[in-house]
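The structure appears right after this line, and notes come after that.
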Amino acid sequence: MIEDDLEGEFILGWPDRKRLGHMTSPDAEGRIVYARSPILEQEGLITPIDAFFINAQVQMPEPVHPDDWTLKISGEVDQSITLTLDDLKKFPARTVRAVTECAGNDAAFFDYLENRTNKKPDMQRSNADMSDYVLKGKGSKDEDGDGLIQPDSTNAVSGGEWTGTPLSEILSRVGLKDTAVSVRLVGFDVGTPNVQKLYNAAQTYDVEVAEPGNIHYDKALPMEKALHEDTIIAWAHNGDALRHVHGAPARCIVPGWSGNWWVKWLERIEVHDHMVPCYHQTEYFVFGKSHDDPDKTMLTALGCKSIITWPRDNDSPLKVGEHLIRGLAWSGEGAITRVEISFDNGQTWEDAHVEYSPDRWLWKRWSYLWNVEKPGNYSIMARAHDEAGRIQSTTGWNFQLKHFDGIVPSDIEVVE
Ligand SMILES: Nc1nc2c(c(=O)[nH]1)N[C@H]1C(S)=C(S)[C@@H](COP(=O)(O)O)O[C@H]1N2
Ligand SMILES: [Mo]
């Protein structure tokens, strides 16, 4: 049984409870380049900035000072413009609360549910031993060859509040031409995507994979999503100025769609008359049955998902009596409407209490008061429903192991 450590640091001179913090991977200079959220311990809906996950696909760029930064908007528009950060802030602003989930979050559970591994993975707690996840010297086990050992792909999800300018406001200022089809968001980070990830996904070296060389991180949003009122170019996060690791001076927020759409470190926005075949859209972050599936499609909206945050397997054994089963639920297609619990492998389901929240794109907290009288082994399942009518789990198996929204039972032992 894991015991919660209640003692924290002194804050403002006073003894304090333990606070949520990152599980981090620093670079050679000790700067944090990856981080994971301790979501099992999160209270409330917004992940504190110091516990928010951090991801970068090509490489973490050097910071650009806000005074030296501009954002150019061009392409299939009546008039191109270049905005400073001050210009951007003069548009009518909008604040959106949403879950950011990396497409690869919880990927290890695909293998588990598909019986490709016997070992049940788990999400990390902040007290997990992260010593394997920090920088290792050259020559140690480092699959990416970038000198970094990354944490498991769990805990790459956080809830945030973002303030910025709706992309639609900017596009209406420049005037979209009738030919406009997609909006390419380009970051100022440049790097070489790691082709090993494609071989890993294909599970063989016997395939041809795209090698794009040095590229800017970019994504081309289909026009409908680009014009959605909640798609914003954000400069603030959780009530504070956006930090470098999260894409300062400004980044895109694409509620409901997986993290890879939320382009950070924006440098330019181009309107195109076709869907631009961005590498992280056509080669990586795709759905398909296999690497050579001719019908691969780009990943877009997240699934409909609930997780049990307590109890998890290693909280066993529990004593007979009352226990509050708790969790989080979110969906890429809008609000969660219901969460259910099953103790009989999904044959029968009972409603859990879902807390009220006005924010469609944010997760909801849910709970179920469990009065267990008999010792024994129990398997607890939770499943979510969303306003689009979807029921967990709806996303099929895909070779890239992206957008996991399967049902992972908590297997719990109950004793006298
Ligand atoms: N410019 C740029 N934007 C990016 C990325 C990147 O590598 N470069 N990574 C994406 C991915 S895969 C994720 S999951 C989110 C992570 O956002 P966060 O670090 O603020 O949590 O940023 C996205 N935006
Ligand atoms: Mo991601």
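Counting starts at 1 for both ligands and their atoms, in listed order.
- Counting heavy atoms under 4.0 Å from ligand 1, residue Phe285 touches it through the side chain alone.
- Contact atoms of ligand 1 toward Val263: 1 (N), 3 (N), 24 (N) (distance under 4.0 Å to a heavy atom of the residue).
- The only member of Gln196, Gln203, Lys197 that meets side chain to side chain donor-acceptor pair (under 3.5 Å) when paired with Asn200 is Gln196.
- Taking atom 23 (C) of ligand 1 as the reference point, the nearest protein heavy-atom neighbour is Gly259 O, 3.2 Å.
- For atom 20 (O) of ligand 1, the closest non-hydrogen atom on the protein side is His246 ND1, 2.7 Å.
- Listed by number with element, the atoms of ligand 1 under 4.0 angstrom from any heavy atom of Cys102 are 14 (S).
- Using 4.0 Å as the threshold, Arg251 has a heavy atom nearer than that to some atom of ligand 1.
- For Trp69 and Phe188, the gap between ring centers reaches or exceeds 6.0 Å.
- For atom 24 (N) of ligand 1, the closest non-hydrogen atom on the protein side is Trp262 O, 3.0 Å.
- In this structure, Phe287 and His403 have perpendicular ring planes: the angle between them is above 60°, well past the 30° mark.
- At a 4.0 Å heavy-atom cut-off, ligand 1 touches Tyr217 through the side chain alone.
- Proximity to Trp265 (heavy-atom distance under 4.0 Å) selects the following atoms of ligand 1: 1 (N), 2 (C), 8 (N).
- The cationic group of Lys225 lies under 6.0 Å from the six-membered ring centre of Trp361 and within 45° of the ring axis, placing it in a cation-pi geometry.
- If you look at Phe53 and Trp262, their ring centroids are not closer than 6.0 Å.
- Between Ile54 and Val33, the closest heavy-atom pair is CG2-O, 3.7 Å.
- In terms of protein heavy-atom proximity, atom 19 (O) of ligand 1 is nearest to Lys264 NZ, 2.5 Å.
- By the criterion of a heavy-atom distance under 4.0 Å, neither the backbone nor the side chain of Glu101 is placed next to ligand 1.
- Listed by number with element, the atoms of ligand 1 under 4.0 angstrom from any heavy atom of Asp189 are 1 (N), 2 (C), 6 (C), 7 (O), 8 (N).
- Which parts of ligand 1 touch Ile54 is read off a 4.0 Å heavy-atom cut-off, strictly below it: atoms 19 (O).
- Residues Glu229 and Pro166 form no side-chain contact, since every pair of their non-hydrogen atoms from C-beta on lies 4.5 Å or further apart.
- Look at Ala56 and you'll find a heavy atom under 4.0 Å from some atom of ligand 1.
- Heavy atoms only, all atoms of each residue included: Val245 and Trp265 are closest at O-CZ2, 3.9 Å.
- Neither the backbone nor the side chain of Phe188 comes within 4.0 Å of ligand 1, counting heavy atoms alone.
- What sits closest to atom 21 (O) of ligand 1 on the protein, heavy atoms only, is Phe53 O, 2.7 Å.
- From the protein, the heavy atom lying nearest to atom 9 (N) of ligand 1 is Gln57 CG, 3.9 Å.
- Ala250 and Leu88 get closest at one heavy-atom pair: CB-CD2, 4.1 Å.
- Listed by number with element, the atoms of ligand 1 under 4.0 Å from a non-hydrogen atom of Phe52 are 21 (O).
- The heavy-atom pair separating His22 from Ala35 by the smallest distance is CD2-CB, 3.4 Å.
- Side-chain rings of Phe404 and Tyr112 stay apart, their centers remaining 6.0 Å or farther from each other.
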